[in-house]
Amino acid sequence: MNVLVVGGAGYIGSHCVRQLIAAGHRPVVLDNLVYGHRAALAPGVPLHEFNLGDEAAVERLLRAERIELVMHFAAYCYVGESVTDPLKYYFNNGVATLHLLRAMLAAGVKKFVFSSTCATYGVPAALPITEQSPQAPINPYGQTKLDVENALKAIARAHGLSFAAFRYFNAAGAAEDGAIGEDHSPETHLIPLAFDAAGGRRPQIEIFGTDYPTPDGTCLRDYVHVDDLSRAHIAVFPKLAAPGAALFYNLGTGRPTSNREVIRAVEKITGSKIKIVESPRRPGDPPALYADSTKAQRELGWTIKFPDIDSIVATAWKWHSAHPGGYGR
Ligand code: UDP
């Protein structure tokens, strides 16, 4: 299939682009390169560089490249920043996505794969989280993703759009060959920051909150390998053949890992001691988030190749040790 990958030069998008190629599809990337990296794309992958706000250009691109399905990864993803600068998130994650969807309808493209998030669940009443768990986000990041999910449902009903919204837990790790990996600027995510601290590029790592009602007092998250995530995006294609399909899947390993355990795993693989500073809680952080992903496993045949934090950070280490400065700017 001809697949437009919006945000395809970003972290999860670029891993998906590689898997699309490996599966025999033809990805075309649209990325404004605000956070994406040209170097995350193999030579020869078509890259179009503009904003979704240019709706007419999006429509032209969809027609010119004969796009059959759109994957949308382009979003801001900093929970903390979404609390301090909500408009940035409402415009980029919300309004920009609506432009994309309107351009798709205009061009007659009716298959859509959307990056949603476990942040749509807020503080879950019960764990692990299933797709039926109530969605009540506690930060604008999660709210904007939920807003798009709701828009998608209405568009599916009204116009026969078929979509899958994947609610990611914590994407982590890097391609097994170490060629591409995680490089955010600014970096706020725990695993890459821990590698920076282990490699001496940062003096220390702060743990945000050590008084949570969890076994070691730090937040619990469900880290899921970026290539495991990517495979689900392709596995869902046959299901999108039915007009109006509205599909929601959690993608996580189901295994809770505390912030301290993450840091220990990075220490173990790097052989370096990391200096930890215990800091106050970060606004917008639920204490524990981990997934029940049996629906994706059952319906998509999704399998988890990297089930635990050690196997995930081992791939991240391969990337970080070969590219200590990331892609370089
Ligand atoms: N975290 C931390 N120190 C950092 C960055 C993150 O303690 O320097 C914590 C954060 O508060 C959360 C967990 O690590 O409990 C995962 O955060 P991250 O930003 O990696 O992903 P998120 O869960 O926000 O998507």
Side-chain angles (χ1 to χ4, degrees), residues 10-12 35 73 75-86 88-89 93 115-124 127-129 137-146 166-174 181-199 201-226 229 250-267 274-291 309 312-313 316 320 326:
Y11 173 42
I12 305 173
Y35 289 122
F73 297 95
Y76 296 148
C77 64
Y78 301 121
V79 167
E81 183 187 59
S82 81
V83 175
T84 55
D85 191 358
K88 184 170 173 179
Y89 283 71
N93 296 6
S115 300
S116 189
T117 169
C118 62
T120 59
Y121 294 111
V123 181
L127 290 161
I129 299 170
I138 61 164
N139 53 60
Y141 168 65
Q143 185 64 53
T144 57
K145 292 285 186 175
L146 180 57
F166 287 114
R167 297 179 187 145
Y168 307 152
F169 284 65
N170 285 58
E182 187 167 15
D183 178 5
H184 301 286
S185 182
E187 189 54 81
T188 65
H189 293 98
L190 183 60
I191 292 178
L193 287 176
F195 276 105
D196 281 350
R201 292 180 297 282
R202 289 174 197 266
Q204 63 200 33
I205 186 141
E206 286 180 81
I207 293 193
F208 299 137
T210 52
D211 59 347
Y212 282 101
T214 58
D216 69 15
T218 69
C219 287
L220 297 173
R221 292 288 179 272
D222 178 343
Y223 293 89
V224 53
H225 195 276
V226 63
L229 285 182
N250 286 343
L251 293 181
T253 63
R255 218 176 155 123
T257 304
S258 78
N259 294 345
R260 287 193 202 279
E261 287 170 328
V262 167
I263 293 171
R264 270 202 299 276
V266 173
E267 286 184 327
I274 296 174
K275 182 175 174 216
I276 292 174
V277 175
E278 296 188 359
S279 296
R281 294 181 179 195
R282 188 176 70 176
D285 267 345
L289 294 170
Y290 51 97
I309 193 68
I312 292 172
V313 297
H320 286 288

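Whatever order the structure lists them in is the order used to number ligands and atoms, beginning at 1.
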Is the side chain of [X] donor-acceptor paired with the backbone N or O of [Y] at a distance under 3.5 Å, no angle test?
X      : Y      : value
Asn93  : Tyr141 : no
Glu206 : Val277 : no
Thr218 : Asn259 : yes
Gln143 : Lys145 : no
His225 : Ala174 : yes
Glu187 : His184 : yes
Tyr290 : Thr257 : no
Asp183 : Gly326 : no

### Message
If only side-chain N and O atoms count, and only distance matters, is there a donor-acceptor pair under 3.5 Å linking Arg167 with Tyr121?
### Response
yes
Could you check which of [options] puts a non-hydrogen atom nearest to [atom]?
atom                    : options                        : result
atom 18 (P) of ligand 1 : His184, Glu187, His189         : His189
atom 23 (O) of ligand 1 : Thr257, Ile276, Asn170, Ile191 : Asn170
atom 13 (C) of ligand 1 : Ile205, Val262, Asn259         : Asn259
atom 20 (O) of ligand 1 : Thr117, Leu190, Val79          : Leu190

When you measure from [atom] to every protein heavy atom, which one gives the shortest distance, and what is it?
atom                    : result
atom 8 (O) of ligand 1  : Leu193 CD1, 3.3 Å
atom 24 (O) of ligand 1 : Arg282 NH2, 2.7 Å
atom 5 (C) of ligand 1  : Thr188 O, 3.3 Å
atom 11 (O) of ligand 1 : Asp285 OD2, 2.5 Å
atom 3 (N) of ligand 1  : Glu206 O, 2.6 Å
atom 4 (C) of ligand 1  : Phe208 CE1, 3.3 Å

Going by the atom numbers of ligand 1, which of them fall below 4.0 Å from some non-hydrogen atom of [X]?
X      : value
Arg221 : 15 (O), 23 (O)
Cys219 : 15 (O)
Ile207 : 7 (O)

### Message
Any atom of ligand 1 sitting under 4.0 Å from a heavy atom of Tyr223?
### Response
yes
